[in-house]
Every structure is written in C-alpha cells, then in structure tokens.
Amino acid sequence: GAVVSQHPSWVICKSGTSVKIECRSLDFQATTMFWYRQFPKQSLMLMATSNEGSKATYEQGVEKDKFLINHASLTLSTLTVTSAHPEDSSFYICSARDLAGSSYEQYFGPGTRLTVT
Amino acid sequence: DAKTTQPTSMDCAEGRAANLPCNHSTISGNEYVYWYRQIHSQGPQYIIHGLKNNETNEMASLIITEDRKSSTLILPHATLRDTAVYYCIVSNNAGNMLTFGGGTRLMVKP
C-alpha cells in the first residue's frame, strides 16, 4: 500500500519555541492531507484539512495562527506549532489520500510525539 | 457523517476469531463503513471498507446487516499482534475526512 511518512517521529521542545512537523506521501500524490491530534487514552481529533495550493481549513476550536499548515506540493504538508506550550504536548498524525489509486483508503503517517517542557 | 457506537473493550483468545460489532443506525445511503485499527503509539492502519455487501480481504471480513444499521469486523484467527484499538467509521467518501469515535480496545490473550 501507499506510504506516508512523518518527520520527526518525536520531538522535545521548550515552552515558547516553534516546532515544524513534516508529512510526506512517499509514492503517491495527495491533493488533500489531514492533520489529527491525539491525547493519551483518547481518540484522534481532526485539527485541519490541508489542500495543496490553498489555505487549510481548520476545525472549530483549533487556532489557525497557532497551528500553521502549509501544503506547498502534492507530496508534502507541514504543521508548525508556534509558541508551543505544555498543553500542546500530544501525538500529531497526518493522513493523505492517493489521487490516482482507490478513492476509499486514507493512508496515515506513523505520528509525531511532541513534548513541550 | 453518521455516528457509530462500539463496545469500549473486548478480549479474544489467540487463534480464535475476533468479532467486533459496530452500530451505525443513522447511516445514510451513500455512506460507507470503514474499519481502521491503531496499535499503540502508531498511526491508524486501514483494514477494510464496504457499502452494503459483505467484504473480505487478507486482513479481515466485514459483515454489514441488510438494513445497514450495524456491521461486524471479523478477524478469523486473532494473533497477539492484533491487539489494538479498532475504529468503525462511517463516511460518505466525498468529504474525505474521517471522524474517529472511541473505538474498541481489543486485547488478544495467549
């Protein structure tokens, strides 16, 4: 199946700094990528939908100025957590759909664990 | 998208079939049933999907009731590596996004 990668797999940063997380579709093109957040023992919550070449669509309650999303190409979307605080510590997961393949499968990345100290 | 209801947790003996139920009584005619699973600290993995017919692939079988208000995911011979949280999701596909509920935590025991 198609592969989605994320980098880094884990990151520790100090409060007030910014962190960028990359999501790449390795062997397919994706017009749309999705960013999810998962707190311990909870389910995945959609944060935003990232569309190549246009502005991201954010879910209610997600601050667009804090979670900057850029989808500059059909294989790369980035999520930047600006001025991170301890409450932003979470597991961030991206997903993508293959334009050319089956329209039903959504491929998920392995996730990035962010810890803000 | 329609809401789904799943048991919080289930146990299964290794080598036996694991049957995971899901209720989706408000499902619309154009909505598919998807199953994903998430092994601890990993991203979700696609398992199977269906519209109204039963489906089978190398991982599992999906049985959808005739009225489409519920479905069952069957892992025919569960192994320890099948221990994970299993999510049943209903989506019209056109919207692309997937809404995750609480899922069922399946524990496969030796």
Side-chain angles (χ1 to χ4, degrees), chain A residues 1-7 9-10 21 23-26 28 30-52 56-60 62 71 90-99 101-115, chain B residues 1 3-9 20 22 27 30-53 55-60 62 64 71 73 83-107:
Chain A
V3 177
V4 174
S5 70
Q6 284 185 239
H7 178 80
S9 55
W10 60 269
I21 302 170
C23 176
R24 293 182 185 272
S25 54
L26 297 186
F28 68 97
T31 308
T32 303
M33 291 183 175
F34 304 92
W35 286 96
Y36 295 83
R37 179 168 55 181
Q38 185 175 34
F39 292 108
K41 298 190 183 302
Q42 295 186 24
S43 187
L44 283 77
M45 296 295 295
L46 180 68
M47 297 176 67
T49 301
S50 168
N51 298 294
E52 187 265 337
T57 303
Y58 291 82
E59 295 300 300
Q60 191 172 10
V62 178
H71 193 161
S90 187
F91 193 48
Y92 292 86
I93 306 169
C94 71
S95 69
R97 269 196 163 165
D98 184 351
L99 283 179
S102 164
S103 62
Y104 306 112
E105 294 182 36
Q106 195 169 122
Y107 303 100
F108 286 82
T112 296
R113 187 162 301 282
L114 170 64
T115 301
Chain B
D1 293 338
K3 183 180 176 180
T4 62
T5 304
Q6 299 177 253
T8 304
S9 64
L20 291 88
C22 179
I27 191 170
N30 63 344
E31 290 182 315
Y32 289 76
V33 180
Y34 294 82
W35 283 84
Y36 283 77
R37 73 180 182 184
Q38 186 179 26
I39 295 170
H40 183 62
S41 293
Q42 297 183 24
Q45 176 190 21
Y46 167 85
I47 301 173
I48 200 168
H49 77 278
L51 182 61
K52 53 184 178 181
N53 296 323
E55 302 288 344
T56 295
N57 62 21
E58 63 279 3
M59 289 184 69
L62 174 60
I64 302 174
S71 60
L73 178 74
T83 292
V85 178
Y86 287 77
Y87 295 99
C88 168
I89 300 168
V90 171
S91 176
N92 62 10
N93 194 47
N96 292 329
M97 57 171 277
L98 298 176
T99 302
F100 287 79
T104 295
R105 186 172 298 276
L106 176 68
M107 179 72 72

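Just so we're on the same page: letters track the sequence lines, and every chain starts at 1.
With sequence neighbours left out, A/Q42 forms a side-chain contact (heavy atoms from CB on, under 4.5 Å) with A/F39. Applying the ring-ring contact (aromatic ring centres under 6.0 Å, His included) test to B/F100 and every residue at least two apart in sequence or in another chain returns A/Y36, A/F108, B/Y87.
For A/M45, the CE atom counts as loosely surrounded, since its 6.0 Å shell holds 12 or fewer non-hydrogen atoms of other residues, nucleotides or ligands.
Of the atoms belonging to B/Q38, it is side-chain heavy atoms, and not backbone ones, that fall under 4.5 Å from chain A. The contact between A/L44 and chain B is made by backbone and side chain atoms together, counting heavy-atom distances below 4.5 Å. At a 4.5 Å heavy-atom cutoff, A/Q6 makes no contact with chain B through either its backbone or its side chain.
The one candidate from B/V33, B/I47, B/L106, B/T104 that meets the side chain to side chain contact (heavy atoms under 4.5 Å, CB included) condition with B/L73 is B/I47.
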